Every structure is written in structure tokens, then in C-alpha cells.
Amino acid sequence: FTLDNKSVIYFSIPGNAGWKIIDNGKPISFFKGNGGFICLELDEGRHNLQFQYHTQLLNVGYCISLFGLIISILEISLSTKRNRKSIKNI
């Protein structure tokens with residue numbers, strides 16, 4: 001889109017951390033307005049905006065899930081070995 005003069009643009013997207021906004025290939029910052037929604041101050045001219053969101057702590061969640069999976073596999077493996085030993089002793 002093209003702006004004829006410097007403008008403040010409002011988006012009804014909550015301005016949470018994790019948002020990255022790119023204008024014409026360059027990252028730009030935003031400010032929160034109207035109760036915490038994303039606002040941009042843009043100069044006149046042509047703009048090509050891209051919004052990217054990266055969930056915070058997603059990698060931490062992956063690690064916790066992987067750790068839980070490993071613990072579960074170890075527990076199943078140890079439980080199976082214990083059951084085999086008890087069957088052999090009978």
C-alpha cells in the first residue's frame with residue numbers, strides 16, 4: 001500500500017512480545033495503542049508489511065516434552081525388564 005503522508009496505522013492485533021514487523025525488507029518497531037494493540041508510525045511512500053510471530057518459550061516447551069518422553073521410555077523399558085526377571089524367577 002502507499003501512504004500520501006506520514007501516518008499512524010492501527011492493527012487490531014495484541015502487541016505481545018514475539019511480534020516482528022518487517023517493512024520493505026527492514027525490521028521496524030511498533031508501539032502499543034488503544035488498549036495494547038499494535039500501532040505503526042509510517043512515513044509517506046510505498047510499504048510492504050510482513051508480520052511474523054514467534055511464540056515465546058516454545059523451545060522450552062519442546063525440551064520439557066522431550067524430557068518427559070525420554071523418562072517415559074526409560075520407565076517402560078525398566079518396567080519390562082523387571083517383569084521379565086520376576087517371570088523367570090517363578
Side-chain angles (χ1 to χ4, degrees):
F1 64 92
T2 303
L3 295 175
D4 293 333
N5 48 21
K6 189 172 185 174
S7 301
V8 173
I9 309 294
Y10 164 81
F11 296 91
S12 58
I13 300 170
N16 301 331
W19 278 107
K20 182 178 180 182
I21 303 172
I22 300 170
D23 182 19
N24 297 327
K26 296 179 184 175
I28 61 171
S29 59
F30 65 89
F31 64 94
K32 295 180 184 180
N34 197 20
F37 293 100
I38 291 178
C39 292
L40 302 174
E41 187 172 0
L42 300 173
D43 293 327
E44 63 181 57
R46 186 159 176 75
H47 298 276
N48 180 15
L49 295 176
Q50 296 176 348
F51 289 76
Q52 299 173 350
Y53 184 74
H54 301 283
T55 304
Q56 293 184 325
L57 302 176
L58 183 63
N59 290 335
V60 173
Y62 286 148
C63 291
I64 292 170
S65 297
L66 181 61
F67 180 73
L69 179 63
I70 290 170
I71 295 297
S72 297
I73 291 171
L74 287 174
E75 179 59 32
I76 291 170
S77 175
L78 292 174
S79 175
T80 303
K81 285 182 182 179
R82 275 186 257 141
N83 286 342
R84 286 183 186 163
K85 284 183 181 179
S86 66
I87 291 174
K88 286 183 181 179
N89 291 335
I90 295 180

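The first residue in the sequence is number 1, and the count goes up from there. Not measured: the values here are computed from a predicted model.
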Please say yes or no: joined through hydrophobic side-chain contacts below 4.5 Å, possibly via intermediate residues, are Ile64 and Leu69 part of one cluster? no
Answer yes if Ile38 and Phe1 sit in the same cluster of Ile, Leu, Val, Met, Phe, Trp and Tyr residues linked by side chain heavy atoms under 4.5 Å apart, and no otherwise. yes
Would you compute the distance between atom CG of Leu3 and atom NZ of Lys6 and round it to the nearest 0.5 angstrom? 11.5 Å
Could you tell me whether the side chain of Asn48 and the main chain of Asn24 form a donor-acceptor pair under 3.5 Å? no
Nearest 0.5 Å, what's the CG-CG distance between Asn59 and Leu66? 12.0 Å
Would you say Phe37 ends up clustered with Ile9 if hydrophobic residues are merged whenever their side chains have heavy atoms under 4.5 Å apart, either directly or through other cluster members? no
How long is the span from the CG atom in Leu74 to the OG atom in Ser79, to the nearest 0.5 Å? 12.0 Å
So, do Phe11 and Phe30 have ring centers that fall under 6.0 Å from each other? no
Between Leu40 and Leu49, is a side-chain contact (heavy atoms from CB on, under 4.5 Å) present by the stated rule, with each step listed? CA-CA 10 Å; Leu40 302 174; Leu49 295 176; 3.8 Å; yes
To the nearest 0.5 Å, what is the distance between CD1 (Ile71) and CD1 (Ile76)? 11.5 Å
The side-chain contact (heavy atoms from CB on, under 4.5 Å) partners of Cys39 (sequence neighbours excluded) come to Val8, Tyr10, Phe31
Let me see the working for Glu44 and Asp4 under side-chain contact (heavy atoms from CB on, under 4.5 Å), right down to the final yes or no. CA-CA 5 Å; Glu44 63 181 57; Asp4 293 333; over 6 Å; no
Please round to the nearest 0.5 Å and tell me the distance separating atom CG of Asn16 and atom NZ of Lys32. 6.5 Å
Under a 4.5 Å side-chain heavy-atom rule over Ile, Leu, Val, Met, Phe, Trp and Tyr, are Phe51 and Tyr53 clustered together? yes
Please answer: with hydrophobic residues joined when any side-chain heavy atoms are less than 4.5 Å apart, are Tyr62 and Phe67 in the same cluster? no
Rounded to the nearest 0.5 Å, how far apart are CD1 of Ile28 and NZ of Lys20? 12.0 Å
Residue pair Gln56 / Gly18: nearest heavy atoms and the distance that separates them: NE2-N, 4.3 Å
